[in-house]
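Note that the structure is predicted; figures quoted are calculated from it, not measured. Residue numbers start at 1 and run along the sequence shown.
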Amino acid sequence: MRDDAYVIGFDIGSTAVKAGLFTLGGAVVDHWSRNYPTERPGPGIVEQDPQHWLDGVRDAIDGLLVGRDPDRVVAVGLCSQVNTDVFVDAAGEPLAPAIVWQDVRAAREAEALDRTISAEDKKAWWGAEMPIGASHALPKMMWFQKHHPDLWEKTRYVLSPKDYCLLRLTGKAVADPIASFGHVGLDLTYIDPLIARVEGAAERLPPLGFFTDIAGEMRLGSHARRAPVIVGTMDAWGNLFGCGVFRAGQGMYVSGTSEILALAGSKRVGAPGIVTFATVDDLVVNAGPTQSGADSLRWWSRTVGIEPGDVAELAGKADRDGRPILFLPHLEGERAPLWDADIRGSFIGLDSRTSGPEFALAVLEGVALSARQLFNALTEAAGYRPDWLLYGGGGARSDLWSQIRADCLGVALHRFSYNDVGCLGAGIMAAVGVGAFPTIAEAVPAMTSVQTIFEPDPKRARRYDRMFEAYTKAIDALKPIGIIDMGDPLR
């Protein structure tokens with residue numbers, strides 16, 4: 001194929017549909033994005049309207065192809081937020097709002113299911129003692145079956161955002177084993193003994209395909225042209241490829257609504273709270289998502305009535321060498337490596353001089369501390385500690401926040417020239433899927449490049465060592481507050 005042929009890559013994220021138009025030579029031709037609302041109608045309840053995902057995909061294609069030849073588009077790729085699930089009927093219509101990964105309504109069902117699984121089974125299925133959390137699809141099915149038995153009877157499939165879009169765009173129901181990691185084992189097939197624990201779950205899960213397989217064809221927006229669409233995978237792996245990771249020894253840090261970190265290795269070690277994926281192309285990927293990255297920034301900006309982009313500017317007015325304010329970003333519990341739906345956020349160490357800049361800096365530093373906790377667990381799981389991480393995502397746009405992260409983790413961050421790396425990763429998978437490159441390992445270096453490097457400041461190492469020690473102690477000390485039961489009727 002010609003280097004100037006196009007691929008379109010989509011990242012159906014937690015706050016927006018993002019799309020990029022790329023050449024096979026890696027040039028970014030154009031970019032499109034549109035935010036959509038996330039509803040929080042009750043404690044621990046987080047929902048989205050799947051129609052917003054679908055409308056975004058269709059409108060993005062029209063936007064990207066204005067004044068351009070649609071015949072140059074050779075493939076479309078998708079990745080999306082993971083552990084967000086929509087229950088659809090036989091016609092593919094949603095039966096209820098999608099349950100977002102931040103939602104903890106199924107926490108009790110998750111605990112009950114987790115208690116039925118031995119440590120030996122977990123190691124056999126996943127290679128590590130990965131807990132079943134509230135964001136897992138099976139507890140959500142249990143909750144849905146209990147609270148909406150009539151809708152459960154009508155449910156044909158339970159789908160991730162990208163799989164929902166694939167169904168509606170191509171007419172084919174298909175998932176991939178990487179995005180389905182919670183109920184797929186090391187052999188990349190469904191774990192029948194686990195799925196059998198939830199009555200009716202097996203027949204509501206779609207068949208599996210590899211992420212570079214062609215799912216079908218879709219119409220390119222309002223154009224008559226149809227193009228192949230690959231199965232795609234979760235945002236973490238889309239980010240992995242879009243960040244430039246293709247071999248063992250490389251690591252990634254992507255800042256989005258949550259912070260996603262990953263280390264690629266050649267051997268399986270594992271550690272508690274870390275997702276160690278099945279081996280793909282000789283890579284053992286260890287990864288984890290936090291619960292609240294840029295979402296903490298969104299919450300704080302809304303609370304004080306400023307724009308999210310102004311938080312870092314306000315934080316820049318604070319003294320980074322002064323006595324810190326500690327922020328725990330557990331607004332909806334925490335995912336990796338703690339997997340605790342009950343813990344909650346807090347500010348600690350306030351005095352009468354604390355004002356806007358100190359609060360803003362605390363939010364940025366608190367998110368970085370949560371990433372450090374995850375990074376430490378990842379190095380244990382991978383069996384090595386890298387000197388640098390490939391770095392991207394919307395939260396990476398701020399130079400100050402990028403430097404804070406590098407200082408807090410104690411490793412260099414190599415920021416990419418194109419921040420929405422999930423879109424680029426989806427485009428890379430699409431290019432491989434239609435044969436433009438023989439392998440992911442050949443496509444990634446051909447289509448990615450680093451722009452800026454943030455080196456950790458050794459003068460701030462002691463600050464963040466002490467803050468991290470306080471951070472971990474505070475989590476344990478404040479845990480009893482999170483488990484106070486106020487009689488939430490949804491539980």
Side-chain angles (χ1 to χ4, degrees), residues 6-23 26-38 48-66 68 73 75-82 84 98 100-102 160-166 168-169 179 211 218 220-221 229-230 232-244 252-260 289 293-295 297-298 308-309 390-398 415-431 447-448 451:
Y6 294 149
V7 290
I8 299 176
F10 282 96
D11 182 357
I12 304 169
S14 299
T15 60
V17 170
K18 293 165 283 188
L21 182 67
F22 310 99
T23 69
V28 181
V29 179
D30 205 351
H31 181 75
W32 187 97
S33 68
R34 183 167 69 204
N35 289 350
Y36 40 72
T38 296
Q48 289 179 355
D49 181 352
Q51 189 63 41
H52 291 147
W53 310 332
L54 193 61
D55 290 344
V57 170
R58 290 168 170 160
D59 292 348
I61 292 176
D62 280 344
L64 291 171
L65 293 182
V66 171
R68 299 186 175 102
V73 178
V76 177
L78 298 171
C79 70
S80 75
Q81 53 178 303
V82 72
T84 291
V100 178
W101 55 267
Q102 293 172 308
S160 74
K162 74 167 182 70
D163 298 338
Y164 169 77
C165 291
L166 284 174
R168 297 297 300 271
L169 294 168
F211 53 72
M218 64 171 283
L220 295 179
V229 189
I230 54 101
T233 189
M234 64 191 298
D235 50 4
W237 276 63
N239 291 329
L240 195 77
F241 301 143
C243 260
M252 155 195 107
Y253 186 143
V254 171
S255 173
T257 303
S258 67
E259 309 289 275
I260 303 174
D295 202 48
L297 185 145
R298 174 205 61 79
L390 297 161
Y391 175 57
R397 292 187 175 94
S398 164
R415 186 171 67 188
F416 269 66
S417 53
Y418 178 69
N419 282 310
D420 287 320
V421 290
C423 298
L424 182 53
I428 288 170
M429 288 185 281
M447 295 183 68
T448 59
Q451 180 187 57

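Residues Leu220 and Ile61 approach most closely at C-CG2, 3.5 Å, considering heavy atoms. When all heavy atoms of Met234 and Cys79 are compared, the pair lying nearest together is O-CB, 3.8 Å. For the residue pair Asn419 and Ala396, the shortest heavy atom distance occurs at OD1-CB, 4.1 Å. For Val57 against Met218, the heavy-atom pair with the smallest separation is CG1-CE, 4.4 Å. Taking all atoms of both residues into account, the shortest heavy-atom contact from Thr233 to Ala179 is OG1-N, 3.6 Å. Nearest heavy-atom pair, Ala16 versus Asn35, reported as atom, atom and distance to 0.1 Å: CB-OD1, 3.2 Å.
Within the structure, every pair that satisfies the side chain to side chain donor-acceptor pair (under 3.5 Å) test and touches residues 7-16, not counting sequence neighbours, is listed here: Ser14-Trp101.
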Could you pull out every donor-acceptor pair under 3.5 Å between side chains of residues 235-243 and any protein atom, sequence neighbours left out?
| unit_1 | atom_1 | unit_2 | atom_2 | d |
| --- | --- | --- | --- | --- |
| Asn239 | OD1 | Gly422 | N | 3.1 |
| Asn239 | ND2 | Asp235 | O | 3.0 |

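Under the 4.5 Å side-chain criterion, counting only non-hydrogen atoms from C-beta, Tyr391 is not in contact with Val421. Contact of the Leu169 side chain with the Val229 side chain is not registered, since no non-hydrogen atoms from C-beta on lie closer than 4.5 Å. In this structure, the side chains of Phe22 and Val28 come closer than 4.5 Å at one or more pairs of heavy atoms. Between Val73 and Leu65 the shortest side-chain heavy-atom distance falls below 4.5 Å. Proximity of Tyr418 to Met447: side-chain heavy atoms (C-beta onward) are nowhere separated by under 4.5 Å. Two residues are said to be in side-chain contact when any heavy atoms from C-beta on lie closer than 4.5 Å; Arg68 and Val29 meet this criterion. Residues Trp53 and Thr84 are in side-chain contact: their nearest non-hydrogen atoms beyond the backbone lie under 4.5 Å apart. Contact annotation: the side chain of Phe10 approaches that of Val76 to within less than 4.5 Å [non-hydrogen atoms, C-beta and beyond].
With sequence neighbours excluded, no residue forms a ring-ring contact (aromatic ring centres under 6.0 Å, His included) with Phe416. Checked against ring-ring contact (aromatic ring centres under 6.0 Å, His included), His52 has no partners two or more places apart in sequence or in another chain. Gln51 meets the side chain to side chain donor-acceptor pair (under 3.5 Å) test with Asp55; sequence neighbours excluded. The side chain to side chain donor-acceptor pair (under 3.5 Å) test applied to Arg298 returns Asp295, not counting sequence neighbours.
The main-chain N or O of Lys162 is found under 3.5 Å from a side-chain atom of Ser80 such that the two form a donor-acceptor pair. Side chain of His31 to main chain of Ala19: a donor-acceptor pair is present (N/O by atom type, distance under 3.5 Å, no hydrogens or angles).
One distance of note links CD1 of Ile230 with CD1 of Ile428; it measures 11.0 Å at 0.5 Å rounding. Note that OH of Tyr6 and OG1 of Thr23 are 8.5 Å apart. Values are rounded to the nearest 0.5 Å. Note: Leu78 CG to Cys165 SG = 6.5 Å, rounded to the nearest 0.5 Å. The distance from atom CD of Gln81 to atom CD of Gln102, rounded to the nearest 0.5 Å, is 9.0 Å. Here the straight-line distance linking atom CH2 of Trp32 with atom CG of Leu64 works out to 8.5 Å at 0.5 Å rounding. Atom CG of Leu390 sits about 13.5 Å away from atom CZ of Arg415, to the nearest 0.5 Å.
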